Amino acid sequence: MLKLYNNLSRQKEEFTPIEPGKVGMYVCGMTVYDYCHVGHARVLVVFDMITRYLRHSGYAVNYVRNITDIDDKIIKRANENGEPMQALTDRFIAAMHEDSAALGVLPPDQEPRATTSMDLILNMIQTLIDKGYAYAANNGDVYYDVSKFEGYGKLSGKKLEDLRAGERVAVDESKDDPLDFVLWKAAKAGEPYWESPWGHGRPGWHIECSAMSTHCLGHSFDIHGGGLDLQFPHHENEIAQSEGATGCKFVNYWIHNGFVQINEEKMSKSLGNFFTLREVLKSYAPEVMRYFILASHYRSPLNYSDQNLDSAKSALERFYTALRDVNAAATDGAGDYETRFRTAMDDDFNTAEAMAILFELANALNKAKADNNAEQAAQLAGQLRYLGGVLGLLQDDADSFLKGGAGDDGDAEIDALVAQRNQAKKDKQWAEADRIRDELQARGIVLEDGAGGTRWRRA
RNA sequence: GGCUGGGUGGCAGAGUGGCUAUGCAGCGGAUUGCAAAUCCGUGGACCUCGGUUCGACUCCGGGCCCAGCCUCCA
């Protein structure tokens with residue numbers, strides 16, 4: 001029985017889909033004007049893990065993750081670069097897809113874009129105006145009238161009066177209320193625009209998600225996710241828009257992942273303390289990043305540091321060392337370990353605890369190998385690979401993972417040196433054997449003499 | 001100021017009203033020509049002050065501290 005933490009109620013709830021056996025899930029994706037950083041990687045990986053686990057649990061998941069390809073920052077960046085907006089967004093969409101694939105993130109089932117959903121957006125704005133939730137201002141903007149929506153603030157636990165008391169929003173003359181938010185922005189000279197009943201303009205940020213999610217998944221759907229920073233105002237506004245327009249309950253379960261932090265501080269564009277994924281992947285295998293993200297609970301803060309990534313790397317090495325030299329048996333995963341794995345995952349996707357079970361499996365596998373129990377080892381390896389796969393981990397060839405890394409020496413040369421050393425060992429020339437081993441060590445190669453011969457890996 | 005979430009061993013990170021998390025690092029042993037890997041064993045923790053309880057790190061209340069949202073942000 002899957003339980004998940006619902007941000008709407010601020011407690012764990014049993015998950016019951018609207019349609020038995022099916023899950024509709026929408027996640028707010030990237031605004032494509034720059035490369036993904038580690039914070040973006042977390043959203044991608046976390047919701048990929050959730051999708052994979054839901055599928056493992058037997059649900060047919062319709063996973064929708066949008067792309068925001070029109071907004072102020074995109075316009076600004078395109079102008080700075082002196083390139084057409086679409087050239088910019090195409091480039092960063094491609095980059096984002098590359099980054100996702102590297103992390104083992106499966107493509108979403110649908111990936112709608114704001115610029116190709118303009119009729120949906122315009123329709124929804126019109127509906128909101130018709131129903132009295134929105135008004136066209138004299139400057140060409142269209143605003144959502146927050147006071148008209150009962151329950152505004154229910155997701156983030158905010159009250160209108162509190163928001164007004166803590167007023168920090170620059171007062172905009174054309175709004176009836178400073179808390180009203182924009183649905184349609186009138187185009188200034190030189191800005192890209194679309195035709196609308198209210199003149200040339202572009203959509204506000206929040207409306208695209210309401211329009212695209214309800215279009216792809218229906219007026220009501222099961223799960224809506226995104227980073228914690230989207231809870232307010234973005235998701236709050238989505239609720240106001242969608243429920244205002246459709247009159248239906250928008251989403252049953254809201255899921256938000258925690259931040260990636262650096263030195264106890266949120267990693268973010270505005271603070272400038274971010275690392276792009278591509279930078280990090282120069283030093284670490286993508287699977288190390290994925291493990292690092294999944295080793296802690298998705299709602300906890302995740303502290304980014306080299307030390308923590310090194311630790312993630314060591315953990316993966318332990319798994320792959322156990323898996324090395326074993327032919328994993330085909331399995332449907334069922335068994336005691338799977339039961340416990342599932343219990344952990346059913347508790348609000350507790351990947352940290354699930355990981356502990358995988359380590360137990362690795363331990364049992366190592367023992368079976370030491371006992372020369374090939375059949376049992378094959379079974380355990382199969383289980384480990386299967387359950388790892390549910391998390392999108394441990395699918396690589398063990399030896400290539402362990403030999404991968406930053407080394408620039410050719411494998412053939414290393415093999416030759418290993419052979420030389422083995423000859424020296426056979427001749428009991430220990431000094432020579434150790435000299436070669438030290439030489440390889442200095443190049444970041446670690447040797448392991450085992451029953452089946454000498455193996456090496458990159459440290 | 002309002003509203004969230006959190007404070008666990010050297011580090012990372014789960015969890016539980018009384019019983020081993022787990023990984024990395026440390027220590028002892030096995031194994032090894034010596035190592036590495038592996039196995040076995042082992043030390044070490046629950047911010048603080050009260051309350052509930054036979055018993056609380058775990059539940060309740062106060063305090064202190066941290067992060068986040070209230071402005072674009074995954």
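Protein chains get the first letters and strands the later ones, always in sequence-line order, with residue 1 at the start of each. The structure displayed is predicted, hence computed values, not measured ones.
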| Considering Watson-Crick and G-U wobble pairs with both distances under 3.5 Å, what does C3(B) pair with? | G68(B)

| With Asp90(A) via side chain to side chain donor-acceptor pair (under 3.5 Å) - residues at least two apart | none

| side chain to side chain donor-acceptor pair (under 3.5 Å) contacts touching residues 343-354 of chain A (sequence neighbours left out) | Lys12(A)-Asp347(A), Tyr53(A)-Asp346(A), His297(A)-Asp348(A), Tyr298(A)-Asp348(A), Arg299(A)-Asp348(A)

Any protein N or O atoms within reach of nucleotides 63-69 of chain B? Criterion: under 3.5 Å, listing atom names and distances.
residue : atom : partner   : partner atom : Å
A67(B)  : O2'  : Gln261(A) : NE2          : 2.5
G68(B)  : OP1  : Lys266(A) : N            : 3.0
C69(B)  : OP1  : Lys266(A) : NZ           : 2.8
C69(B)  : O2   : Lys158(A) : NZ           : 3.1

| said: Less than 6.0 angstrom separating the ring centers of His56(A) and Tyr386(A), yes or no? | reply: yes

| request: Under the side-chain contact (heavy atoms from CB on, under 4.5 Å) rule, collect the residues that match up with Arg324(A), sequence neighbours excluded. | output: Thr321(A), Ala398(A), Asp399(A), Leu402(A), Glu448(A), Arg455(A)

| note | Residue pairs passing the side chain to side chain donor-acceptor pair (under 3.5 Å) test with at least one member in residues 201-211 of chain A, sequence neighbours excluded, are Asn66(A)-Glu208(A), Thr68(A)-Glu208(A), Asp72(A)-Arg202(A), Glu191(A)-Arg202(A), His206(A)-His234(A), His206(A)-Asn237(A), Ser210(A)-Gln241(A), Ser210(A)-Ser242(A)

| remark: Taken in chain and number order and not counting sequence neighbours, the residues that satisfy side chain to side chain donor-acceptor pair (under 3.5 Å) with Glu279(A) are Thr276(A)

| note | salt bridge (Lys or Arg N to Asp or Glu O under 4.0 Å) filter on Asp434(A), not counting sequence neighbours, yields Arg437(A)

| query | Once each nucleotide of nucleotides 15-33 of chain B is scored for protein heavy atoms under 4.0 Å, what B/S/- sequence comes out, 5' to 3'? | reply | S-----BSSS--------B

| Side chain of Trp205(A): nearest nucleotide among C73(B), A74(B), G5(B)? | C73(B)

| request: Could you check whether Ser300(A) gets within reach of a base, just the sugar-phosphate, or nothing at all, counting any heavy atom under 4.0 Å? | output: sugar-phosphate

| request: Measure from the side chain of Ser296(A), starting at C-beta and using heavy atoms only, and say which of C11(B), A14(B), C39(B) lies closest. | output: A14(B)

| Is there a side-chain polar atom (N or O) of Thr68(A) under 4.0 Å from OP1 or OP2 of A74(B)? | no

| said: Need the pair for U52(B). Rule: Watson-Crick or G-U wobble, both distances under 3.5 Å, any strand; none if unpaired. | reply: none

| said: Can you tell me which nucleotide in A74(B), A36(B), C40(B) comes closest to the side chain of Lys367(A)? | reply: C40(B)

| Residue list, side chain to side chain donor-acceptor pair (under 3.5 Å) with Arg342(A), at least two apart or on another chain | Glu338(A)

| task | May I ask you to say what Gly39(A) touches in the nucleic acid, namely base, sugar-phosphate or nothing, with a heavy-atom cut-off under 4.0 Å? | result | base

| With a 4.0 Å cut-off on heavy atoms, is Gly29(A) in touch with a base, just the backbone sugar-phosphate, or nothing at all? | sugar-phosphate

